[in-house]
There are 2 protein chains.
Amino acid sequence: MAKAPQKEETPALDRIDLEILKLLQQNARATIKEIAAGVHLSTTPVHERIKRMEESGVIRQYVTLLNASKVGKGLMVICYVSLRQHSRHAGDKFIKSILEMNEVLECLTISGEFDFLLKVVAANMDEYYHFHVNKLSAIENVGNVQSVFVMGVIKQTHQLVF
Amino acid sequence: MAKAPQKEETPALDRIDLEILKLLQQNARATIKEIAAGVHLSTTPVHERIKRMEESGVIRQYVTLLNASKVGKGLMVICYVSLRQHSRHAGDKFIKSILEMNEVLECLTISGEFDFLLKVVAANMDEYYHFHVNKLSAIENVGNVQSVFVMGVIKQTHQLVF
DNA sequence: ACTGAAATCTCCATTGT
DNA sequence: ACAATGGAGATTTCAGT
């Protein structure tokens with residue numbers, strides 16, 4: 001009997017791979033030399049392992065996180081949206097619109113009363129109000145919308161710990 | 001009359017700074033040479049601008065984003081928490097506990113019925129249940145807890161567009 | 001699959017405009 | 001405040017174990 005098939009045939013990650021990922025999660029600009037020293041290997045295998053994980057999609061993207069309020073995006077809002085009808089077409093239309101809106105950093109489909117949870121950033125309340133009324137509510141089939149304002153960020157990380 | 005004071009005296013960002021930030025947000029491992037080409041400057045001023053923005057805190061961190069399900073974290077849950085009492089001490093205790101929990105990627109203080117919104121990841125329902133019962137609910141003063149399960153991720157970005 | 005070293009390319013401090 | 005330069009250091013490839 002063959003081993004159980006995996007989605008998309010991702011080769012299993014060993015302990016060294018996970019250690020490399022831990023370091024890269026903390027600092028995407030770490031040099032290969034630094035990472036190699038961290039996992040007690042030479043640069044060659046580390047370079048190969050990183051390339052393999054980039055190609056297999058384990059590593060999604062190297063990004064720079066900014067201080068939102070210092071670049072004029074001081075307001076964060078969690079926004080719940082339900083659609084008036086749940087046809088395939090209505091859903092696709094909504095998703096397409098959301099993907100184009102730069103104010104929306106995150107869009108999740110959720111269980112419960114609402115269909116979507118959005119994380120939205122704006123410079124201030126005026127800008128958010130404009131987004132709410134003229135952009136979000138203007139998408140066809142958008143029904144109920146509810147905004148919850150974020151008063152403070154206690155924790156914000158992307159570090160997955162294995 | 002002097003110009004209006006800013007919090008923490010952040011020197012204003014010009015159009016070139018914003019262009020650099022746009023490129024760095026998309027790819028934290030971009031070389032200075034690549035970024036310099038993108039903004040039609042030589043490497044020297046680009047290097048200086050980036051260093052300045054790192055020191056002033058505009059640039060928070062360079063991180064690597066992983067594919068959560070490919071590293072065994074296939075379940076995402078939005079979790080609402082309210083505290084039984086709102087003393088300074090109770091809040092601090094809760095925050096301290098949350099900061100130590102690797103399952104919690106995000107913790108926001110919000111307006112409305114609940115006090116906190118948590119974004120939690122786990123391998124599966126068993127692991128989440130264990131977190132809920134034995135870790136989250138075990139924090140003193142935690143009152144009502146409500147879980148909303150994420151069924152799909154439509155969009156997930158960190159790119160702030162100015 | 002890893003080591004060590006060589007070739008190429010990038011970084012970044014200095015100097016000059 | 002930016003360009004050009006060159007030594008230092010990183011990346012990437014290749015031979016060897």
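Naming: A, B, ... by sequence-line order, numbering from 1 per chain.
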To the nearest Å, how far apart are B:I35 CD1 and C:dC12 P? 11 Å
How far apart are the C-alpha atoms of A:K73 and A:E127, what are their side-chain angles, what is the distance that settles it, and do they pass the salt bridge (Lys or Arg N to Asp or Glu O under 4.0 Å) test? CA-CA 10 Å; A:K73 296 290 175 186; A:E127 197 179 295; 3.1 Å; yes
Between the side chains of A:Y80 and A:S147, is a donor N or O closer than 3.5 angstrom to an acceptor N or O? no
What verdict does the salt bridge (Lys or Arg N to Asp or Glu O under 4.0 Å) test give for B:E103 and B:K119, after you've listed the backbone C-alpha separation in whole Å, the side-chain angles of each residue and the deciding distance to 0.1 Å? CA-CA 8 Å; B:E103 298 93 337; B:K119 189 205 278 181; over 6 Å; no
At 4.0 Å (heavy atoms only), tell me whether B:S42 reaches a base, stays on the sugar-phosphate, or touches nothing. base
A:H40 vs B:T31, nearer the 5' end of DNA chain C by closest nucleotide: A:H40
Separation of D:dC2 C1' from B:K33 NZ (nearest whole Å): 18 Å
Less than 4.0 Å between a side-chain N and a carboxylate O, is that true for A:D14 and A:R49? yes
Report the distance from atom CD1 of B:I20 to atom P of D:dA1, rounded to the nearest whole Å. 13 Å
Does a side-chain N or O from B:K51 land closer than 4.0 Å to OP1 or OP2 of C:dA13, or not? yes
d(CD, A:E54; C1', D:dT12) in whole Å: 13 Å
Would you say A:H47 reaches D:dT11's phosphate, i.e. side-chain N/O to OP1/OP2 under 4.0 Å? no
Short side-chain N/O contact to D:dC2 OP1/OP2 from B:R49, under 4.0 Å: yes
Counting any heavy atom closer than 4.0 Å, what does B:T44 reach on the DNA or RNA strands: base, sugar-phosphate only, or nothing? base
Determine the contact category for B:P45: base if any of its heavy atoms lies under 4.0 Å from a base atom, sugar-phosphate if only primed atoms, P, OP1 or OP2 are that close, otherwise nothing. sugar-phosphate
Between D:dA10 atom C1' and A:E34 atom CD, what is the distance in whole Å? 10 Å
Please work out if A:R29 contacts a base, only the sugar-phosphate, or nothing of the nucleic acid, heavy-atom cut-off 4.0 Å. nothing
Separation of C:dC12 atom C1' from B:L41 atom CG, nearest Å, is 16 Å
Just how far, in rounded Å, is P of D:dT5 from CD1 of B:I32? 19 Å
Side chain to side chain donor-acceptor pair (under 3.5 Å), paired with B:D92, selected from B:H89, B:R88, B:K96: B:R88
In whole angstroms, the gap separating C1' of D:dT13 from CD1 of A:I50 amounts to 16 Å
